Asker: 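First the structure, which I've put down as structure tokens, then a few questions once you've had a look.
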Amino acid sequence: MSGLMLIAILLVIMIITSVLALFLKDLLAAIILFSVFSYFAVLIYLALGSPDVAFTEAVIGVISTTYFITTLRKLKRGSS
Amino acid sequence: MKKVYGSIILDTAFRYLIPFILLYGVYVLLHGEYSPGGGFQAGAILGIAFVLDGLVQGKKAILRITGETAVIIAGIGTFLYCFVGILSMLSGGNFLEYSLLPIPMNDVEKHVWGILGIETGVCICVMFTIIAIFYALVGKEE
């Protein structure tokens with residue numbers, strides 16, 4: 001039961017972060033929120049008992065954040 | 001890049017971080033049989049080390065492997081995977097049938113070395129694909 005509660009709370013946090021990331025005007029903040037989203041996805045995979053998938057998700061979260069920030073530098077928009 | 005990200009803090013942290021990241025990547029690759037991990041994750045971690053180098057040191061990075069060179073090395077990784085598979089086909093088995101690999105060992109050792117071979121191939125391919133995508137994003141802005 002407590003396991004289900006934990007997963008439910010994590011899912012709600014994921015929904016909140018993703019909706020916030022969609023509606024923020026500051027692109028850097030949106031990228032960091034996306035990375036937070038990925039982190040909570042890692043926690044959910046761990047709670048569901050699949051450390052392999054969680055490991056992959058953690059690594060890919062870091063890489064995609066790096067890519068987004070590199071692209072943001074090329075856009076020369078920064079924090080609008 | 002016009003402005004390099006590096007400052008003295010980033011530069012010092014980079015010097016201490018990179019050896020451990022590389023060592024952890026190799027550990028994940030070689031220990032993937034017993035713990036979470038494997039070729040893909042190890043390649044991603046090793047790729048992160050190279051990408052960090054490109055981010056912190058910019059144009060004068062030590063581990064700078066750009067564009068076409070990275071794509072060629074990624075192709076070599078894919079070739080390694082296919083080579084192990086086709087080697088077992090040449091000695092009369094199916095694709096990736098490790099027990100028929102033409103190396104003088106017993107069955108278990110053949111499985112271990114075959115799996116290590118294809119995992120290394122996957123690792124090299126993923127690592128250099130990540131590096132190629134990163135340098136394609138950085139572009140020719142220098």
Side-chain angles (χ1 to χ4, degrees), chain A residues 2-4 6-7 10-11 13-14 17-18 21-22 24-80, chain B residues 1-6 10 14 17-18 21-22 24-29 31-59 61 66 70 119 122-123 126-142:
Chain A
S2 67
L4 279 182
L6 178 68
I7 293 173
L10 288 175
L11 278 174
I13 295 175
M14 275 176 77
T17 49
S18 54
L22 276 177
L24 273 181
K25 287 279 178 271
D26 191 342
L27 287 183
L28 183 63
I31 291 170
I32 300 301
L33 270 178
F34 184 71
S35 134
V36 172
F37 174 84
S38 151
Y39 178 71
F40 280 106
V42 171
L43 288 187
I44 285 185
Y45 291 141
L46 276 180
L48 290 174
S50 64
D52 209 353
V53 185
F55 190 16
T56 313
E57 173 69 34
V59 171
I60 294 304
V62 172
I63 292 175
S64 62
T65 310
T66 317
Y67 283 171
F68 281 135
I69 290 182
T70 315
T71 315
L72 187 64
R73 271 175 68 82
K74 284 210 79 171
L75 284 179
K76 299 195 178 70
R77 202 174 135 187
S79 53
S80 59
Chain B
M1 282 184 275
K2 270 177 214 153
K3 292 175 292 181
V4 182
Y5 278 79
L10 273 180
F14 162 80
L17 268 179
I18 292 294
I21 295 178
L22 289 173
Y24 185 58
V26 174
Y27 166 77
V28 168
L29 172 66
H31 207 254
E33 205 175 346
Y34 310 105
S35 62
F40 185 85
Q41 288 94 333
I45 291 175
L46 292 173
I48 287 175
F50 281 57
V51 166
L52 258 185
D53 189 18
L55 273 179
V56 173
Q57 297 197 318
K59 210 176 167 185
T66 52
E119 292 281 336
V122 172
C123 172
V126 170
M127 171 180 173
F128 283 97
T129 307
I130 285 170
I131 296 167
I133 295 175
F134 172 71
Y135 279 111
L137 284 177
V138 169
K140 299 213 166 73
E141 194 201 328
E142 339 201 319

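These numbers come from a predicted model, not from an experiment. Chain identifiers are assigned alphabetically (A, B, ...) following the order of the sequence lines, protein sequences preceding nucleic acid strands; residue numbering begins at 1 within each chain.
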Asker: Evaluate the side-chain proximity of A/Leu48 to A/Ile7: yes if any heavy-atom separation is below 4.5 Å, no if none is.
Answerer: yes

Asker: Measure distances from A/Val59 to the heavy atoms of chain B and classify the residue's part below 4.5 Å as side chain, backbone, both or neither.
Answerer: both

Asker: For atom OH of A/Tyr39, decide whether the heavy atoms of other residues, nucleotides or ligands shown that lie under 6.0 angstrom number more than 12.
Answerer: no

Asker: Need one label for A/Thr56: side chain, backbone, both or neither, based on atoms under 4.5 Å from any heavy atom in chain B.
Answerer: both

Asker: How many angstroms lie between atom CD1 of A/Ile13 and atom OG of A/Ser18, to the nearest 0.5 angstrom?
Answerer: 11.5 Å

Asker: Please name the residue in the list A/Leu28, A/Leu27, A/Ile31 that meets the side-chain contact (heavy atoms from CB on, under 4.5 Å) test with A/Phe68.
Answerer: A/Ile31

Asker: For B/Leu137, which atoms come within 4.5 Å of any heavy atom of chain A: side chain, backbone, both, or neither?
Answerer: both

